[in-house]
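Comments concern the structure below.
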Amino acid sequence: MYDALTWYERSLGREEYIILQKGACYWCKESLLHDTSEELKASYPLDPRYWPEEFLKHPVHLHHCHRSGLTLGATHAYCNAILAMYYGE
């Protein structure tokens, strides 16, 4: 349950997902060692009113379902924003 986790527990969860996902983003399946591809960024532009630069400064996010609260995987910051903005996750 994402909301019940401390920042440290979220960090540990993120690390565990990275291992389970073999270093790939939960959504785009590309390496988390590199930023989201320019192709994806061009296909899914973000509205800067909702996604300030601070959000994207942390390269890997712990993605979670906003309805159930369950964590789902580790994503690029940009992919996490795509999932929220375009898919309601």
Side-chain angles (χ1 to χ4, degrees):
M1 299 302 289
Y2 181 85
D3 289 334
L5 300 174
T6 65
W7 69 267
Y8 181 69
E9 291 168 327
R10 289 177 187 175
S11 173
L12 292 175
R14 214 175 11 259
E15 293 299 319
E16 184 66 24
Y17 276 117
I18 291 169
I19 292 167
L20 292 171
Q21 295 166 202
K22 297 178 174 48
C25 175
Y26 166 82
W27 187 68
C28 77
K29 309 300 186 227
E30 296 296 323
S31 173
L32 288 166
L33 294 175
H34 307 288
D35 198 14
T36 304
S37 73
E38 293 304 317
E39 243 179 74
L40 269 177
K41 288 179 179 180
S43 297
Y44 296 94
L46 298 182
D47 185 335
R49 294 175 296 170
Y50 301 108
W51 309 107
E53 292 225 5
E54 288 79 35
F55 181 85
L56 299 174
K57 281 185 183 176
H58 303 285
V60 180
H61 286 220
L62 181 58
H63 182 62
H64 66 284
C65 174
H66 291 265
R67 287 184 295 269
S68 70
L70 297 175
T71 61
L72 301 170
T75 62
H76 295 106
Y78 201 98
C79 290
N80 198 38
I82 290 170
L83 287 166
M85 188 169 156
Y86 289 91
Y87 299 100
E89 289 188 20

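Hydrogens, waters and symmetry mates play no part in the numbers below; they use all other heavy atoms, side chains included.
In this structure, H64 and Y2 have parallel ring planes: the angle between them is below the 30° cut-off, well short of the 60° mark.
Y78 contributes no side-chain N or O that, together with a main-chain N or O of L40, makes up a donor-acceptor pair within less than 3.5 Å.
Note on Y44 and V60: separate hydrophobic clusters, where clusters join Ile, Leu, Val, Met, Phe, Trp and Tyr whose side-chain heavy atoms are under 4.5 Å apart, directly or indirectly. Y17 is not connected to I19 by any chain of hydrophobic side-chain contacts under 4.5 Å among Ile, Leu, Val, Met, Phe, Trp and Tyr, and they are in different clusters.
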Using the rule given for side chain to side chain contact (heavy atoms under 4.5 Å, CB included), can you reason through E15 versus I18, listing the C-alpha separation, both sets of side-chain angles and the distance that settles it, and then say yes or no?
CA-CA 5 Å; E15 293 299 319; I18 291 169; 4.2 Å; yes
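Within the structure, salt bridge (charged side-chain N to carboxylate O under 4.0 Å, His left out) contacts touching residues 28-50 (residues at least two apart or in different chains) are D35-K41, E38-K41, D47-R49.
For the atom pair CE (M85) and CG (L83), the distance works out to 12.5 Å, reported to the nearest 0.5 Å. Note: Q21 CD to T75 OG1 = 8.5 Å, rounded to the nearest 0.5 Å. For the atom pair CZ of R10 and CG of D3, the computed distance is 6.0 Å after rounding to the nearest 0.5 Å. Here the CD-OG1 distance, from E16 to T71, works out to 10.5 Å after rounding to the nearest 0.5 Å. Once rounded to the nearest 0.5 Å, the distance linking CG of N80 with OG1 of T36 reads 10.0 Å.
Looking at every heavy atom in both residues, G88 comes nearest to R67 through O-NH1, 4.2 Å. Between I82 and L46, the closest heavy-atom pair is N-CD2, 4.2 Å. Between A74 and R14 the shortest heavy-atom distance is CB-O, 4.0 Å. Closest heavy-atom contact between H58 and A77: O-CB, 3.1 Å. The nearest pair of heavy atoms linking Y86 to P45 is OH-O, 2.6 Å.
Around OH of Y8, the count of heavy atoms belonging to other residues, nucleotides or ligands within 6.0 Å does not exceed 12.
The shortest side-chain heavy-atom distance between M1 and L70 falls under the 4.5 Å cut-off.
Every residue two or more places apart in sequence or in another chain that forms a side chain to side chain contact (heavy atoms under 4.5 Å, CB included) with L72 is listed here: Y26, H63, C65, E89. In terms of the ring-ring contact (aromatic ring centres under 6.0 Å, His included) criterion, residue partners of H61 (sequence neighbours excluded) are, by chain and number, F55.
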